Amino acid sequence: MPELPEVETTVRGLAPVLAGRRIARVVANRSDLRRPLPPDLGQRLTGARVTGLGRRAKYGLIHTDRGDTMVFHLGMSGRWRVDPSEALTHDHLLIETDEGRRLALNDPRRFGSVDLVPTAEVEDWGPFGALGPEPLGESFGPGHLAAQFEGRIAPAKALLLDQRVVAGLGNIYVCEALHMAGIAPSRAGGRIGTKRLALLADSVRSVLLAAIEAGGSTLRDYARPDGELGYFSKQWRVYGREGQACGCGTVIRRRVESGRSTFWCPKCQR
DNA sequence: CATGTTCCCTGAGGGC
DNA sequence: TGCCCTCAGGGAACAT
């Protein structure tokens, strides 16, 4: 599931192919993703030079010298393949550079999206307007979490998943960060002590950094057409490990709430 | 406003 | 072998 670290890894993988290059060809195979592809996507991108890439929350950003920024979201199942050796079902968008490098956006579930946003307005673009701070940025830390959690009755897990509280976390890294900080997912946000909240802020950052590092170490897999991501999965402490032993020896539990699985250790997390 | 629920979508995997 | 069922979950929309 592409969360912040997977998108960051993706952007880092796209950068060597796209940065400074001119987009020579754009092919939209089907446009009914989460939102329809911009009808004029091809016109606006073809011939444009990529001036840089970036990321905001779980969105990848591709800036061009035409004043447009291409904003993509990978949804649940999206990924970019680099120089694919064959066309696959669900290759919805193809991009070719002036060097002949090719990119294919493959997204079976079509929960992802591709938008063109005027670069000057990207920060205020609808989905970005209410986003909380980047967890790896300077404005995120113990103070921010304390302010956001104060007086809240909602479970810590729900608050961390709320993109307005902090941007870019998904189910996997929320479960991992809460375990690292020793906080039960169901604990009300307002009933977590200051020191514990500071530990949570640290945990969020370190789990994301570790995942990005793991993604970087397997970057070659990212470009392999048949490769699965699997970046950080070997380092999961609780996610996907129901019934297995936590590091403390206690059996890891799973609970489904409104269709989402929560994994936690009842001994380490209170 | 805060919180909780549903829906969208397709492929993988388990049970029989 | 094949069919049916459940599950995966971000984010928008809707309900409470």
Side-chain angles (χ1 to χ4, degrees), chain A residues 1-11 29-37 55-61 71-81 87-93 104-115 117 125-132 134-135 147-178 185-192 204 208 211 225-233 236 238-243 252-264:
Chain A
M1 325 315 153
E3 302 180 29
L4 186 153
E6 288 73 28
V7 179
E8 180 66 29
T9 301
T10 296
V11 167
N29 289 325
R30 70 180 294 172
S31 59
D32 55 335
L33 307 188
R34 164 177 288 277
R35 285 182 292 276
L37 287 186
R55 179 192 56 74
R56 175 75 170 112
K58 300 172 192 173
Y59 294 82
L61 310 175
V71 183
F72 67 85
H73 194 295
L74 297 174
M76 288 293 302
S77 55
R79 63 178 175 141
W80 284 99
R81 294 186 301 135
L88 293 184
T89 308
H90 310 302
D91 279 348
H92 305 313
L93 181 64
L105 177 62
N106 189 276
D107 185 4
R109 268 169 265 189
R110 309 206 313 279
F111 273 24
S113 60
V114 175
D115 293 278
V117 182
W125 180 58
F128 287 1
L131 283 182
E134 286 290 320
Q148 291 290 321
F149 277 44
E150 185 182 5
R152 299 294 294 273
I153 197 175
K157 191 195 178 200
L159 293 176
L160 290 179
L161 281 173
D162 187 338
Q163 302 296 297
R164 297 168 298 185
V165 172
V166 56
L169 299 182
N171 203 30
I172 294 171
Y173 295 106
V174 165
C175 287
E176 293 297 311
L178 286 171
S186 58
R187 173 167 283 268
R191 298 189 55 236
I192 302 173
V204 165
L208 293 177
D226 60 339
E228 259 317 304
L229 300 184
Y231 296 142
F232 191 61
S233 57
W236 292 344
V238 286
Y239 185 85
R241 298 194 56 205
E242 178 190 18
I252 293 166
R253 299 190 53 189
R254 178 173 87 108
R255 180 171 53 219
V256 178
E257 294 166 36
S258 58
R260 303 288 189 275
S261 282
T262 296
F263 299 88
W264 84 103

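For the numbers below, each heavy atom of this structure counts, side chains included, while hydrogens, waters and symmetry mates do not. We name chains A, B, ... by the order of the sequence lines, and we start the count at 1 in each one. Here the structure is a predicted model, which means the values were calculated and not measured.
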Trainee: For each nucleotide in nucleotides 10-16 of chain C, reading 5' to 3', give B when a protein heavy atom comes within less than 4.0 Å of its base, S when such contact involves only the sugar-phosphate, and - otherwise.
Mentor: BBS----

Trainee: Please enumerate all residues that pass ring pair (Phe, Tyr, Trp, His ring centres under 6.0 Å) together with A/Tyr59, with sequence neighbours excluded.
Mentor: A/His73, A/Trp125, A/Phe128

Trainee: Could you report the tightest heavy-atom contact between A/Val238 and A/Cys175, atom names first, then the distance?
Mentor: CG2-O, 3.6 Å

Trainee: Residues in salt bridge (charged side-chain N to carboxylate O under 4.0 Å, His left out) with A/Arg164, at least two apart?
Mentor: A/Asp162

Trainee: Got a sec, which residues hit side-chain contact (heavy atoms from CB on, under 4.5 Å) with A/Ser31, two or more places apart in sequence or on another chain?
Mentor: A/Leu37

Trainee: With sequence neighbours excluded, tell me which residues meet side-chain hydrogen bond (donor to acceptor under 3.5 Å, both in side chains) with A/Arg30.
Mentor: A/Asp32

Trainee: Restricting both atoms to N or O, compile the protein contacts to nucleotides 2-7 of chain C shorter than 3.5 Å, with distance only.
Mentor:
none

Trainee: Run the salt-bridge test on A/Glu134 and A/Arg56 with the 4.0 Å N-O cut-off and return the result as yes or no.
Mentor: yes

Trainee: Is there a side-chain polar atom (N or O) of A/Arg152 under 4.0 Å from OP1 or OP2 of B/dT3?
Mentor: yes

Trainee: Can you list everything that forms a side-chain hydrogen bond (donor to acceptor under 3.5 Å, both in side chains) with A/Glu8? Sequence neighbours excluded, please.
Mentor: A/Arg12, A/Arg55

Trainee: Need the bend value for the helix from B/dA2-C/dT16 to B/dC16-C/dG2: angle between end axes, 5 pairs each end, nearest 10°.
Mentor: 50°

Trainee: Rounding to a whole Å, what distance do you find between A/Arg164:CZ and B/dA2:C1'?
Mentor: 9 Å

Trainee: Can you pull every protein N or O that's under 3.5 Å from an N or O on nucleotides 10-13 of chain B?
Mentor:
from: B/dT10; atom 1: OP1; to: A/Arg110; atom 2: NH1; distance (Å): 3.0
from: B/dG11; atom 1: OP1; to: A/His90; atom 2: NE2; distance (Å): 2.7

Trainee: Taking salt bridge (charged side-chain N to carboxylate O under 4.0 Å, His left out) as the cut-off, I'd like each qualifying pair that reaches into residues 166-175 of chain A, sequence neighbours left out, listed once.
Mentor: none

Trainee: Can you sort out the partners of A/Arg191 under salt bridge (charged side-chain N to carboxylate O under 4.0 Å, His left out), two or more places apart, ordered by chain and number?
Mentor: none

Trainee: State yes or no: are the ring centers of A/Phe263 and A/Trp236 separated by less than 6.0 Å?
Mentor: no

Trainee: Which whole-number value in Å describes the distance from A/Gln148 CD to B/dC1 C1'?
Mentor: 14 Å

Trainee: Can you tell me if A/Glu176 uses its side chain to pair, donor with acceptor, with the backbone of A/Asn171 under 3.5 Å?
Mentor: no

Trainee: Residues in ring pair (Phe, Tyr, Trp, His ring centres under 6.0 Å) with A/Phe149, at least two apart?
Mentor: none

Trainee: Would you say the side-chain atoms of A/Glu242 pair up with the backbone N or O of A/Gly240, donor to acceptor, closer than 3.5 Å?
Mentor: no

